[in-house]
Every structure is written in C-alpha cells, then in structure tokens.
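What follows is a short report on a single structure.
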Amino acid sequence: MTGLTFVSLYPVWPELFMVISTLMLLVIGVIKGNEFTSLLFKLCFGVVAISAIMMFGVPTEKIYALNDMFVLGRFAMFSKLAIAVAVGISLILSSRYLREEALNRFEYPILMMFATLGMFMMVSASHLLSFYIALELQSLSLYVLAAFRRRSVTSSEAGLKYFILGALSSGLILFGISLIYGFTGVLGYSDIASVVPGLEGDRLTGFLFGVMFVLSGLAFKVSAVPFHMWTPDVYEGAPTSVTAFFAMAPKLAAFAMLIRFLGGPLENLADQWQVVIIFLSVMSMAWGAFAGLAQTRIKRLLAYSSISNVGFALIGVAAATAEGYAAAMFYMVIYMITTAGIFAFVMFMRRDGRALKEISDLSGLSKTHPLMAYGFAVLMFSISGIPPLAGFFGKFFVFEVAVAEGMYALAVFGVLTSVVAAFYYLRIIKVMFFDEEEDAFDQPHSIGRKSVAVLALAFSVLFILSPLKLLETARQATQVVYVSQDTPSTSDGGNAYELENTSR
Amino acid sequence: MVDFPLLSLMTYLPLVGVFFIAMIQGDDVVKARNAKYAALYTSLFVFLLSLLMLSRFEPGNPDFQFVEKADWFGNLGISYHMGVDGISLFFIVLSAFLLPICILTSWRSITSRVKEYMIAFLVLETFMIGTFSALDAMLFYVFFEGVLIPMFLIIGVWGGPRRVYSSFKFFLYTLLGSVLMLVALLTLYTQVGTMDILELMENPVARNLQIWLFLAFFASFAVKMPMWPVHTWLPDAHVEAPTAGSVILAGVLLKMGGYGFLRFSIPMFPEATEFFTPMIFWLSVVAIIYTSLIALVQEDMKKLIAYSSVAHMGFVTLGLFTATVEGMQGGIFQMISHGLISAALFLCVGVIYDRLHTRDISQYGGIVRNMPRYATIFMIFMLASVGLPGTSGFVGEFLALLGAFQANTAVAAFAATGVILGAAYMLYLYRRVVFGPVTNNEAAAMPDVDYREMMIFIPIIALVIWLGVQPGYVLERTEPAVKQIISNYNAALVNASGPAEITSPVIEEDF
C-alpha cells in the first residue's frame, strides 16, 4: 500500500466525489425527511453532472490506481459518460413520476446514486475482486429499487424475483472467480492475461469453467437468453421510472464490464468464448423477437424488446475485435437514448391520474395527442432499425462487424429476427394510428419528461447528419480494452483489422 | 457539370415544405387548405427543378452528371455521393411529375388529417428522389428503406377496410427483402472497402460470392418489383391504399426494384447475372402469363390493375436481363411508360371510386352515357396499357420483346402471349365498366370528370402519346448509360476465367 495519497488517487476522484456527496445527501435526506426529495433529485443530478465533468480532466492513456484494481482510460471514460447520461435522464424521469405515484421517498435518489457508483466502478474494474464488489454494490441498490413500491404485490414480487435470481447469478460469478483463482492463482486482469498463454490441459479446462460461470452471471446482468427470465416480470412490476433506469444504465455498465473482461484478459481465448456469446446472441434475438409478439402490456413488450436488442449488441461482442466492441457500445448508446425517449412517452400514458399499462390504451393516440403519437412512432421506427433514423446505424455497424468477421449466418439470422421484431413495434404504431380513438390522456405537464422525449427524438432524427462522431469515439475507446497493449512489446496479439485501424 | 447542388436541392426541398406545413396553425379547414397549397407548390417547384435538370442534362454522356460528393463517414468509405446518369434521370423526373398529381388527386378525397397526409407525401418524395440519385450504397439503402415509413402510414391511416393487414404485409415483405440486401451490401463493403457505387462496379468480387450476393439483392428487388412469386403484397397494398398511394406505388416504388437491378445486380455481379438469367427469364414469363390470367378473373378494378402491373413488370425484368441494348432500353422505357400509364389507370379508378365508393366492377356499367369524357380518357390509358402503337406502352413492350427474341426465342414467344392476354383483360374490364347495360342507377347518375380532374389527366395523356410517337427523346438519353452497362457486362464475362464452370456456391462460414 504505497503512495495512497490524494493526488495518486486522481483517477478515482469522480467516484470519491460521488461517494462523499451521496453520503452527505443521505444524511440530509435522513434529517429533512421525504418532503426534501425533489431537491435531493436536483442535487443528485448535479453530483452526476460534476462527476461526469471531472472525467474530462484525466489524460487519455490508461492509468491504474488502487493497486491495479481500478483502471481509467478512454474506454472507461466513454462508458462512464454514457452511464452518466443514462442516470441523468433517469433522475429527470423519476422525479415527477414518484410524486405522481406517491412514492416520494428520499431513499430513491440515494439508491440510484449508489447504483451509479457501482456502475462506475464496474466499468473501471480491472481485478476480479473489484469487479465483484462493484457489481454487488450496483445490484443490491437495484434490488431495493425494483421493490420500491412496497405496498404493491407486483413490485414486491419483482424485487424478490430480481433479488433471488440476481443472488444466484452473483453466486455463479463468485464461484467462477474462485475457479479462475484456483487454476491461475491470480485475480488481476493483466496478471490473468499473462498467465493465460501458459495454461494447458486440465488447468485450461478448469480456467474456462470459471470463465463460463462468470459469463453466465454477466449474461444474467445484461438479460441475455437463457438468463433473461427475470426481465419481463421485473420490467412490469417495478415502478416505471425504475424500469426506465434498468433498461438504460445497468445494461450499458454490464456490457462495458463484459467487453473489458472478454477483450482484456481473455483476448487470446476468443475462440473459446466466442461460441458462447454467439449462442447468447442468437437465443436473445430469437426469443426477444418471437416472445415479444404475444405481449399486450407495454412494459413487458419493452422487456422483450430489450432482450432482442441485447442480442444485437452481443453480435458486436461476438466479433471479438476492437471494432466489434465499439459497435456493441455504439449500439447500446443509441439504444439507451431511444429507450429514454420511449419511457418518457410511456410515462405520459396516464388517464385520471393513473398510469396505463396496456398497449391498447394507446388506441387512437394520433387523434387525441398527435404530437405524442408521431414522436412515439418515430422512436418505434428507430428502434426497429428503419433508416434514416438512429437505430438503423446501430444495427448497421453491428452487422458490419459480423460480416467483416465472416459470421454471415449470424448476420443473416440477426436481420431476419429484426424483421420479426419490427412486427411488434409496428403494432404499437398501428394501435396509435389505425385504431379508433379512446379518451384523451391527462394533459402532460412535466417539463423534464417533455425535454427527454424531445431530445431523444432529435437524436433519432438528426443522428444521420453526423453519425461519425459517436462511432469514432467508441472506436477510439475500445482500442484500449486490450490488456496486452499496456506493454507494447506484446501487442502482436491483435489481428490485421486492428493494425489497420490504429493507422487511421 | 454544375456547381449548384441541384440534386440535393430537389431531394431536400420537400422537407422544407414539410417544415412549413408542420408550422401551419389554425382551425381544421384553414389548416387543410393551406397544407394542400403548400404541398402542391413545393412539389410543383421540385418538378420545375427536375425539368431544369432534364434540360441541362448532356444526352451523349454516359457518365454521372450533377455529381455531388461530401464527407459523411470520414474515411470509412461511405460518403454522401449523388449524381444522375441516363438511367436514373427519368425516374427522378417521373417521381417529381407524379407527386403534384398525387396531391391534386387527393384534393377532395382526403378529408381527415390532411396536414399529415401532405407531410407523408412530401417525405416520400424526398426518399424517392434520393433513392434514384444516390451514388453511395449506404445512402441508397437509407433512402430505399426510408420509403417504407411514409408508405406504411399512407396505406394504414388513409387506406380502405383491410388497411392494417395490407400495410403490415407491405412493410414486412419489403423489409425482409431489404435486410437481406443489407447483409449483401455489408459483405460487398468488407470485400471492397467502400460503399461507393462507382467503385463497387469497378471491383467485381469472386464468382461464388457474386452468386450469393446476387440472390440477396434479388430478394430485395424482386419483392419491390414485384416478381412472381413474391408479388402477393402488391394487390393487397394497391386495393387498400388511397388513390394517390396507389399512384405512387405503381408509378414510382415498383420502379425502384428495376432500377436496383440496373444499378446493382447487373453491373456488380455480371457472372451471377449470367448464371441466373434463365431463371429470371422464366420467372418473368410466369409473371406475365400467370398474373395476366389472374387479372382476367378479378372483380375488383384496383386488383385487376395491380395484377396487370405485375405482368408489365415481367416485361421489364425480361428486357433488363437480356443484356442487349434493345432489351435493356425496352425495360427502362417500359418502366417509365408503366409509371405513367398505371398511375393514370389508378387515377381513373379513383375518379369513379370517389363518386360511388366501390371498386366492384359489377357495380358499374354503361357509364359511357353519362361520362363520355371519362370514357375517352379511360380508353386512351386502357389502350396504352395494352400496348397500342402510338402510345408509350407499345415502345417498351416491343423493345423488350425484341431484346428477348435475340436472347431466347422460346421465352420471347411465351412472353408475347402476354400481350394478347393483356389486351383481353383490359378490354374486358373496359367493356364491363364503360359499356354494357346500366345495372346501377347511381352509377348512371355520376357526373363526368370536372375541370380539376381534367387538369390531372391531360398532362399524362400528352406524355403518353408524346413518348409513343417520339420515344427517341428518352432513348437517346438512356442509350449511352445502357451501352456502358452492357459493354462492362460483356467485358466482365470475357474476363471471367475461361468457360463458366458452374460450381455449387459455398461461402466459408467460420465463427
């Protein structure tokens, strides 16, 4: 433990700032009580914003801290900024929703902040212990959030289900970590990377078993089939603002974690884990598309939509190249912003002060609230991947890396399931535009919700004008995922694709 | 070459119109009237610009003109690249010509959500012109697919009783074909390293890959065209779409398939084209004969014309894949001519549908007595559709068959029977609707076409006859581009190593 000074900790400053201010806010919340929640939301938003801004100050090369347990580089910054945006949007969407639903308790924003802290740490974890601790910090906060509507049976059920299955997956991960430790004797990412080439025979098999356990646990966190069972129930049962949060931030963090784990220490074992990711991807795309067809409730439908979208993003991971990881992150960011808009619209669905759940409640929306209907329709077209909207570009680059890596069958399967999934997105449009009108919704008042919806729409429509910026940023970010690149002498582990890209 | 970005202006001007229409406020009547005028003026202005483009186009030049190139995806080989050659020129003019007609024909028949309707059509115009002028495959795909959004809404919101089924079928069928094309485009992109259509044409890929890619592109264009047996979405979509929707569908959207064959399939995959030509010939023949027979027994006017479209598109694919100058010229000419004639036929149906609100042929009869002007107009288009010499329909079919005779006599002979069948179903339709005994008093009381409707029909009649007697205007402009395609095609076939050995197409798939 040398040099643990304030200055040497500078890569962790945003997190430190966050944890200190969250604890202070917790104290304020405890003292002032629930009527202070609205202000607490604003303060939390400020904390997230400041943490995000603090990240701009650090140099772009990779730096390690906390005895190599924590890493900060372009990739971590990119993911954290995306997560910060997701959290900021969730805070905006939550504040009013809690008041509407009489759930206005101060623990909510505090729990979100702890979850955010966990996600930040997840993204930066470069050691399996910090990996696990960060994951648990995030998950425990999320379990509580899922059950936040204590008096509702569905919400409690959602929380309980999420907790039990989540605990199971944490157990799997922990068991996997112990196997990895047992067969290699190390836990740090760069240590593992240096041990892996020497693994042979039984030790390699045992190590891979450990990796598979960790992967299963991570698949649970991103809700990839067959580890998706919790998703529809949790999405439906949890308060909508929590569902929105679930759909946006934790998935991004889990993806970043997955990419860092697979692309870092396991880079040279790609031929071993690729099959698993392809399996997860194919199953998620298929199940997300077909099971979604039968849904009648909007939040359940969005759960299946998220499963299928995770499947698409996993194609990028399956490619096992920096471009592939970039495409996956690019996809997740576009998906995150589109989802933010969709949830803003879902929250507009209220009649007589009560939130509506069924897709059929949207009936004839284009007559009662034309602007809302057109906005929603644009997001639906975007998420089903129709150009010229943003969602198309996400899919485009994911399929591009699949084709570039020669995974034609996967790409064809992906596009075919995207057509199946298009059916249920179209059905929402059909309900809004082609069906008879019902009573109007309550007049929307929330400025925050409106601005989220407008920003998501503007993003979806105008993304085509400069799609390169986000893609390039993602590509630069994923260049530094590889642990082997930390010591330049061993950087021949990549392939031709990577060399070509560094020359750009 | 002009410095002025004419193509981009034409493409995005309708969006400016959309912006203004979206701004319109006031009560419903005012809003509807202003929206109509705004849309009409916008589309007329775009049409004028297209005429300007036509006049500044250099006929003898086989290269792309009015080229614009701008950065889009940096150095990823995807750029904003637009341009026209003789092939795309007339499709752009056709799109710009039909749009004001669509708006005029909807003037009274559309009463609900007029503002949104006009916005949908203007957005559609952007995508249509963009599709035909894109010289970057990614850009092409964006426009090509984007068309689905407004068309889905046009059929679904303003369509007939079974509109939901039809709009879904239209959307999903076309999307399914298109996404396969997307994978093929990505494969090309990773092989050649660029999305630029001109560079893709110059760098043919290996034969086995060509065959797979051809099939994937074929999936998209054949659905769009539509070719038998993937044509079934078309009658449904036509029947349920509002008149203007049918006009655009038949007039422009179907041509995107043929245009795609000319722009992608034939120049980029010459060896695969040669390999698949017999299949396409026979599919075309089946389309011509089979759908003509189906058209004969239709009771619904729009369905009949929809099936006739499939048959006429059969001549197009037949002509394009003969890889002869006559055949290809005929295919292109047939597309332009069909774009005018079928659009006009749907307008004719629309005229009486607006009056009686049924498309059932048996509800009409003997309307020549009360609608003599209508009978004349309908007759001109009916005969043009049949291919009467002196109308544009004749030139296209004749040239396509001429090309087909050079390529494959048997196919041409079968296809020629389609001309007879075409005459049969169109004349039969005409007899049942216009002549014959009066069976429905309401039909006998319908007023004749009015001034506004005449204004819609007269330009189309003039064009159909002008193109019939003076086809050279179009043909001399398309010829250089066609000749270039054919010479590149033949050169590529000669270059292809030795006698074409047919191997089973296998792509190595490794995960």
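Chain identifiers are assigned alphabetically (A, B, ...) following the order of the sequence lines, protein sequences preceding nucleic acid strands; residue numbering begins at 1 within each chain.
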- Query: In terms of the angle between their ring planes, are B:Phe152 and A:Phe381 parallel, tilted or perpendicular, with boundaries placed at 30° and 60°?
  - Reply: perpendicular

- Nearest atoms (heavy-atom pairs only) where A:Pro388 meets B:Gly146: CD-CA, 4.4 Å

- Item | Partner residues of B:Phe73 under the ring pair (Phe, Tyr, Trp, His ring centres under 6.0 Å) criterion, sequence neighbours left out | A:Phe397

- Query: If you count the non-hydrogen atoms of other residues, nucleotides and ligands that lie under 6.0 Å from OH in B:Tyr80, is the total more than 12?
  - Reply: yes

- Task: Pull out the residues in residues 421-429 of chain A that come under 4.5 Å of chain B, heavy atom to heavy atom, sorted by number.
- Result: A:Ala422, A:Phe423, A:Leu426, A:Arg427, A:Ile429

- Is A:Leu468 close to B:Leu76 at the side-chain level, that is, under 4.5 Å between some pair of heavy atoms? yes

- Note on the structure: d(B:Met138 CE, A:Glu400 CD) to nearest 0.5 Å is 9.5 Å

- Message: Nearest 0.5 Å, please: how far is CD1 in B:Ile149 from OG in A:Ser382?
- Response: 9.0 Å

- Task: Assess whether side chain to side chain contact (heavy atoms under 4.5 Å, CB included) is satisfied between A:Phe434 and B:Ser167, documenting all intermediate values.
- Result: CA-CA 10 Å; A:Phe434 308 168; B:Ser167 55; 3.5 Å; yes

- Message: Can you tell me which of A:Ser366, A:Pro370, A:Gly414 forms the most heavy-atom pairs within a distance under 4.5 Å of chain B?
- Response: A:Ser366

- Message: Quick one, B:Trp72 with A:Ile464, criterion side chain to side chain contact (heavy atoms under 4.5 Å, CB included). Give me CA distance, side-chain angles, the key distance, then yes/no.
- Response: CA-CA 9 Å; B:Trp72 192 23; A:Ile464 186 170; 3.5 Å; yes

- Item | More than 12 heavy atoms from other groups under 6.0 Å of OH on B:Tyr12 | yes

- Flag the pair A:Tyr408 / B:Trp212 as yes when at least one side-chain heavy-atom distance between them is below 4.5 Å, and no otherwise. no

- Side chain, backbone, both or neither: which part of A:Phe396 has an atom under 4.5 Å from a heavy atom of chain B? both

- Query: Can you say whether B:Phe127 sits under 4.5 Å from chain A via the side chain, the backbone, both, or neither, judging by heavy atoms?
  - Reply: side chain

- Note on the structure: Within residues 112-121 of chain B, contacts to chain A at heavy-atom distances under 4.5 Å involve B:Arg113, B:Glu116

- Item | Interface residue of largest heavy-atom contact number with chain B, from A:Pro387, A:Ser418, A:Pro467, under 4.5 Å | A:Pro387

- Task: Identify the residues of residues 169-185 of chain B whose heavy atoms come closer than 4.5 Å to a heavy atom of chain A, ordered by number, or report 'none'.
- Result: B:Phe171, B:Leu172, B:Leu175, B:Leu176, B:Val179, B:Leu180, B:Leu182, B:Val183

